[in-house]
Amino acid sequence: MSIDSKTVNQYINRFASLIEEKRVREYSGDLKIGVDLGTANIVLAVLDEENEPVAGSLYPASVVKDGLVVDYIGAVEIVRELKKQTEELLGSPLTHAATAVPPGTFGKNKQAMANVVEAADMEVRHMIDEPTAAAAALGVADGAIVDIGGGTTGISILKEGEVIHTADEPTGGTHMTLTYAGHHRIPFAEADKRKRDPKRQDEVFPIIQPVMEKMAAITKRLIGDYHVDQLYLVGGASCFDGAERIFEKETGIETIKPAHPLLITPLGIALHDG
Ligand SMILES: Nc1ncnc2c1ncn2[C@@H]1O[C@H](COP(=O)(O)OP(=O)(O)OP(=O)(O)O)[C@@H](O)[C@H]1O
Ligand SMILES: [Mg+2]
């Protein structure tokens, strides 16, 4: 069975508008907090006891690379700052949080992610893997989550709520930016900015389309013989309008992209706090 896209999208949109408008919603009871330490963005999500979004903030950063903390001090500073801003808006302290790692992250690498959050004075009660977080936010029990982030594309197959298979491919939004930058011979930062500008999509999309087709072909190969009825696209680099069509065409599997794919994993992480 597919998810209730309308209800899910309304939920995600409520979270997105809090971030965009730098606003918090009134709440009562305990808070659930999630910190997503990504390659391109660090996102803080705050929910109330009923899982309704209360606050959120996002910071573009390159302190984590594909699930590895490459700039520990920088990462801590950003999480501290996001926490401080949110606490000021809320008028109450954030004392704990859940966080997540890409599938297959263990030992010291996993601990380093928790250490970042703890160094920002939030007790880490739960650590989960990213696809489990995304699946929770979408209410998905069966299907495949395809997370196209900054550095990698992660494919996770779920069956009855459990992740039964994961695979990772080092192609992500960064590679789209590099392709676009190369095409126009412009610096990476300028290319990334243009790539993310919705008004430029018509010009950008045909240039990055081969990268997305490659991701879709890889997804098909990685799914292999697993039985998958739906693909769910999450992660910032799936924002392009045509993304679901490309995946559907290449894999032959119905492909669903929720609103604000960049915010799905952070929401799902917060759902696991408490
Ligand atoms: N509106 C947009 N259109 C196209 N690409 C976008 C858009 N917004 C963000 N991106 C791209 O999405 C990528 C970041 O996505 P996301 O925040 O999901 O990654 P991350 O979680 O930080 O990285 P990873 O999961 O690889 O560690 C970047 O490459 C960014 O340029
Ligand atoms: Mg991510």
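Reckoned from all heavy atoms, side chains included, excluding hydrogens, waters and symmetry mates. Since the structure is predicted, the reported quantities are computational estimates derived from the model, not experimental observations.
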Between Val234 and Pro258, the two heavy atoms sitting closest are CG1-CG, 4.4 Å
Quick one: does any side-chain atom of Glu87 pair with a main-chain N or O of Leu94 as donor and acceptor, under 3.5 Å? yes
| query | Can you check whether Ala217's main-chain N or O pairs, donor with acceptor, with Glu250's side chain at less than 3.5 Å? | reply | no
Partner of Leu158 under side chain to side chain contact (heavy atoms under 4.5 Å, CB included), picked from Asp142, Ile164, Ile145, is Ile145
Review point. Counting N and O atoms only, with roles assigned by atom type, does the side chain of Tyr27 sit under 3.5 Å from a partner on the main chain of Leu90, one being a donor and the other an acceptor?
Key: no
Discussion item. So that I can tick it off, tell me whether Lys195 and Asp192 are bridged by a salt bridge, with the cut-off set at under 4.0 angstrom between side-chain N and carboxylate O.
Written reply: yes
* Okay, side chain of Thr174, backbone of Gly150: is any donor-acceptor separation there less than 3.5 Å? -> yes
Please check this pair: side chain of His175 against backbone of Pro170, looking for a donor-acceptor N/O pair closer than 3.5 Å.
yes
Query raised in the report: Are Met113 and Thr105 close enough that some pair of their side-chain heavy atoms sits under 4.5 Å apart?
Result: no
Backbone N or O of Ala181 within a donor-acceptor pair of the His184 side chain at under 3.5 Å? no
Check your understanding: Could Asp71 and Lys65 be called an ion pair, given the rule that one side-chain N must be under 4.0 Å from one carboxylate O?
Key -> no
* Could you please spell out the steps behind the salt bridge (charged side-chain N to carboxylate O under 4.0 Å, His left out) verdict for Lys249 and Glu213? => CA-CA 9 Å; Lys249 190 165 166 234; Glu213 284 166 353; 5.8 Å; no
### Query
If Ile, Leu, Val, Met, Phe, Trp and Tyr residues are connected whenever their side-chain heavy atoms lie under 4.5 Å apart, and connections chain through other members, are Leu31 and Val35 in the same group?
yes
Original post:
Under 3.5 Å, is there a donor-acceptor pair between the side chain of His96 and the main chain of Ile33?
Top reply: no
Closest non-hydrogen atoms of Val204 and Arg194, given as atom of the first, atom of the second and distance, are CG2-O, 3.9 Å
Query - Residues, nucleotides or ligands: over 12 heavy atoms within 6.0 Å of Glu123 CD - result: yes
Polar contact flag, side-chain donor to acceptor under 3.5 angstrom, Glu203-Tyr180: yes
Closest non-hydrogen atoms of Asp168 and Gly154, given as atom of the first, atom of the second and distance, are OD1-CA, 3.3 Å
Residue Tyr59 excluded, over 12 heavy atoms near OH under 6.0 Å: no
Quiz item: Is a side-chain donor or acceptor of Asp48 paired with a backbone partner of Glu50 at a separation under 3.5 angstrom?
Solution: yes
Correct closest heavy-atom pair for Val101 and Met127 would be CG1-CE, 3.8 Å
May I ask you to check whether over 12 heavy atoms, not counting those of Glu26, lie within 6.0 Å of atom CD? no
Smallest heavy-atom separation, Ile223 atom then Leu231 atom, equals CD1-CD2, 3.6 Å
Between Ala55 and Leu18 the two heavy atoms that sit nearest each other are N-CD1, 3.6 Å
Open item on the list: Would the distance check show the side chain of Thr153 and the main-chain N or O of Thr171 forming a donor-acceptor pair, the cut-off being under 3.5 Å?
Closed with: yes
field: Main-chain N/O of Asp241 paired to Gln201 side chain as donor or acceptor, under 3.5 Å
entry: yes
### Message
Quick test of your reading of the model: are Glu244 and Lys257 salt-bridged, counting only N-O distances below 4.0 Å?
### Response
yes
task: Taking atom CZ of Arg125 as the centre, report whether more than 12 heavy atoms of other residues, nucleotides or ligands fall under 6.0 Å from it.
output: yes
Is the ring pair Phe205/Phe240 parallel, tilted or perpendicular, if the boundaries are 30 and 60 degrees?
tilted
